[in-house]
Each structure stands twice: as C-alpha cells, then as structure tokens.
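For ligands, and for the atoms within them, numbers begin at 1 and follow the listed sequence. Numbers for residues simply follow the sequence, beginning at 1. Source: prediction; values computed, not measured.
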Amino acid sequence: MAKILVIAEHDGAALNPSTAKCVACAARIDSADINIVVLGSGVGDVAAQAAELSSVSQVITVENERNAPAIAAILAPQIVALADGYSHVFGPSTAFGKDLMPRVAALMGVNQISDIMSVAGSHEFKRPIYAGNAIVTVKAPADHPVVATVRTASYQAVDGGNSAAVENASIEVELPSHTRFVELQTGSSDRPDLQTAAKVISGGRALASEENFEIIYKLADTLGAGVGSSRAAVDAGYVPPETQVGQTGQIIAPDLYIAVGISGAIQHVTGIKDAGTIVAINKDEEAPIFEIADIGLVGDLFTIVPELTDALGE
Ligand SMILES: Cc1cc2nc3c(=O)[nH]c(=O)nc-3n(C[C@H](O)[C@H](O)[C@H](O)COP(=O)(O)OP(=O)(O)OC[C@H]3O[C@@H](n4cnc5c(N)ncnc54)[C@H](O)[C@@H]3O)c2cc1C
C-alpha cells in the first residue's frame with residue numbers, strides 16, 4: 001500500500017489551495033493512505049483546514065518557531081526525518097514546492113520527479129517537457145521513496161467535509177544555521193489570485209506602458225478577474241513579475257483566459273494549456289495565439305478592450 005506524505009503550503013493562517021490539489025493527485029494512486037504535514041508555528045487553524053480535505057487520513061503538525069516564515073533549508077531536514085516509512089512525499093509545483101522539494105529529494109538521496117500531471121501507477125507518472133510540447137512517462141524505482149512535485153493546474157482540489165485526525169509530531173533534527181529569514185517582499189493586490197481565479201485577463205508587450213495597463217485592470221475589475229501578463233510586459237516594467245504567466249511564470253488553469261496583445265509564444269502558452277475558454281485579442285490575424293484560442297478578436301486592443309469593458313459593465 002502507498003503511504004503518501006503531502007507537504008502543506010500555507011501562510012500561517014490559511015491553507016493554500018495547492019495542497020488540496022496535491023491530495024487529488026495522491027488520491028489517484030491505488031489504495032493510498034494520505035497524510036498531510038503542516039510545518040509552522042501556531043498552525044492549529046491551518047491543520048484544521050487540512051483535516052477537512054477528503055481522502056486524508058491524518059494531519060501531522062510540526063511546530064517550531066524557525067518554521068515561520070517557511071524556509072526550504074529549514075523545513076527540508078524535518079520533512080526527511082518525518083518521511084521515514086512513507087513511500088511517497090508530494091509537494092506542489094508552486095514557488096514554495098519548487099524551492100523545497102529538490103532539497104527533500106537530495107537529502108533522501110533520490111531524484112525528484114517534477115510536475116506530475118497524471119498518475120499511471122504507484123511509481124509511474126506523466127509529466128510535461130519542452131515547455132509542455134511533449135509528455136513523458138517517468139518510472140521511479142519501486143525500492144526507493146518517490147519525492148515529487150505536482151502540477152497543480154492538472155488537478156481539481158479535493159472536496160472538504162472530512163475530519164481527519166490531527167496529531168503533533170516533535171522532530172529532533174539539527175537545523176542548519178547557514179540560511180535565515182531576512183525579509184519578505186511581495187506584491188499586494190486586491191484582485192483574485194492567479195492560481196485560483198476563475199477568470200484571468202493578461203496583457204502583453206503591446207500595452208506599451210504601465211499606464212496603458214490601466215485598461216486591462218478596468219476590464220479585470222469589471223469581470224472580477226485576476227490580472228496576468230507575458231514575460232515581455234514584465235521585462236519592460238509594465239507589471240510586476242508575479243503576474244507573469246508561462247514557463248518561467250505561473251502555470252494556471254482558469255475557466256476563462258483573455259490574452260490581450262500577446263503573440264502566443266510557446267513559453268507563454270504552456271502556462272495556459274489547462275485553461276477552459278481562451279479568448280485572444282490581437283491586431284495580427286496571423287499571431288500564433290489564435291491557433292489555441294477558442295475565440296479570436298482581430299483588431300486594435302486600445303479600441304476593443306475599452307469597448308468590451310463598457311459593454312460588460314452595462
Ligand atoms: C527560457 C524562456 C522562458 C520564457 N518564459 C516565458 C514565460 O513564462 N511567459 C511568457 O509570456 N514569455 C516567456 N518567454 C518569452 C517568450 O518567448 C516571448 O518573448 C513573450 O511571451 C512575448 O511576449 P508578448 O507576446 O507580450 O510580446 P510579443 O511577442 O512582442 O507580441 C506582442 C503581440 O501584440 C500584438 N499587438 C501589437 N500591438 C497591438 C495592438 N495595438 N492591438 C492588438 N494587438 C497588438 C502583436 O501583433 C503581437 O502579436 C520565455 C522565453 C524564454 C527563452
């Protein structure tokens with residue numbers, strides 16, 4: 001039987017939805033016994049949220065002042081100590097998981113499997129390569145624990161309604177002193193988070209300035225959508241880096257994605273492969289974005305976007 005440890009991502013108060021998606025992936029493994037570990041300081045509320053997730057048999061909390069804010073170098077040795085007896089250790093393919101899980105894998109002496117998008121067996125997984133242009137099936141040795149990240153855009157969060165047991169574990173391991181928390185710099189926005197937003201509207205290089213992005217924000221607010229961008233728009237300084245969608249940005253799966261003035265480079269498109277309906281607005285009818293768009297509007301974005309905002313706002 002597979003015994004799977006899922007590492008909870010949280011901010012000390014709320015469980016990140018990526019955790020419920022990791023559980024969904026773990027639940028695809030036959031007769032899996034799924035536990036969640038919540039590392040932090042004062043994480044009772046987060047553990048209670050984790051205990052509600054269906055398919056989870058137990059939530060383990062590891063309380064330590066040094067676990068908040070989370071630093072991969074500090075969390076990894078504790079996870080390795082706790083992982084003894086588990087056949088799989090899963091974390092999300094978010095910035096948190098991509099930072100943490102390679103350390104866990106290295107300390108356990110195994111190769112990490114990255115970006116699981118589907119489960120073909122307890123030790124066999126599908127994952128994207130070449131910016132999502134090819135899918136490979138990877139087999140992990142059955143006599144070693146599997147350490148993996150889960151491509152959260154490929155999974156729907158499991159339901160709530162469960163009441164798994166919550167237990168505190170005390171772990172005695174030496175924690176490294178070479179890495180310490182200094183400061184967290186993060187963009188703040190009242191708009192929906194890209195990872196969970198049902199609708200996302202992204203702007204590209206064609207917006208041509210930070211000020212012009214205002215028309216994207218207006219449309220987003222009218223739709224109740226999150227705001228994304230292409231890397232070109234980020235590199236030009238029109239929008240902050242956390243808005244970037246794509247291979248080196250965020251991989252997202254909203255129900256509706258509107259790409260405004262974005263050409264559709266493969267590195268961008270790989271970030272929206274799992275989106276529901278894709279709408280593209282571009283003045284070049286040959287733009288590659290139209291190859292994947294469900295709805296294409298050919299024309300000047302500076303005319304189309306304000307018109308759309310007015311029409312939807314009425
Ligand atoms: C290793 C690597 C990783 C990368 N990772 C990412 C990533 O994560 N995300 C990402 O986005 N990119 C990424 N890129 C960059 C990517 O290759 C493209 O350069 C980038 O996506 C282009 O951004 P863009 O579509 O905004 O700009 P452009 O390619 O310049 O396209 C602008 C589009 O706007 C249209 N346009 C211009 N004016 C108007 C107008 N007035 N009205 C309507 N349409 C108009 C044009 O026709 C054009 O199609 C990566 C590249 C590399 C090499």
Could you pull out all donor-acceptor pairs under 3.5 Å where a side-chain atom in residues 6-17 meets a protein atom, sequence neighbours excluded?
{"from": "Glu9", "atom 1": "OE1", "to": "Ser18", "atom 2": "OG", "distance (Å)": "3.0"}
{"from": "Glu9", "atom 1": "OE1", "to": "Thr94", "atom 2": "OG1", "distance (Å)": "2.8"}
{"from": "His10", "atom 1": "ND1", "to": "Gly12", "atom 2": "N", "distance (Å)": "2.9"}
{"from": "His10", "atom 1": "NE2", "to": "Leu39", "atom 2": "O", "distance (Å)": "2.7"}
{"from": "Asp11", "atom 1": "OD1", "to": "Ala13", "atom 2": "N", "distance (Å)": "2.9"}
{"from": "Asp11", "atom 1": "OD1", "to": "Ala14", "atom 2": "N", "distance (Å)": "2.8"}
{"from": "Asn16", "atom 1": "OD1", "to": "Ser18", "atom 2": "N", "distance (Å)": "2.8"}
{"from": "Asn16", "atom 1": "OD1", "to": "Ser18", "atom 2": "OG", "distance (Å)": "3.0"}

Q: Run the numbers on Gln78 and Asn67 for side-chain hydrogen bond (donor to acceptor under 3.5 Å, both in side chains), then give the verdict.
A: CA-CA 10 Å; Gln78 300 173 72; Asn67 288 344; 2.7 Å; yes
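For Ser122, the side chain to side chain donor-acceptor pair (under 3.5 Å) test picks out no residue, with sequence neighbours left out.
For Thr137 and Lys126, the side-chain atoms include at least one donor-acceptor pair closer than 3.5 Å.
Residues in residues 95-132 take part in these ring-ring contact (aromatic ring centres under 6.0 Å, His included) pairs, two or more places apart or across chains: His88-His123.
At most 12 non-hydrogen atoms from other residues, nucleotides or ligands lie less than 6.0 angstrom from CG of Asp190.
For ligand 1, residues of the protein lying within 4.0 angstrom by heavy-atom distance are Gly204, Arg205, Ala206, Ser230, Arg231, Ala232, Gln244, Val245, Gly246, Gln247, Thr248, Gly249, Gly261, Ile262, Ser263, Ala265, Gln267, His268, Asn282, Lys283, Asp284, Gly299, Asp300, Leu301, Phe302.
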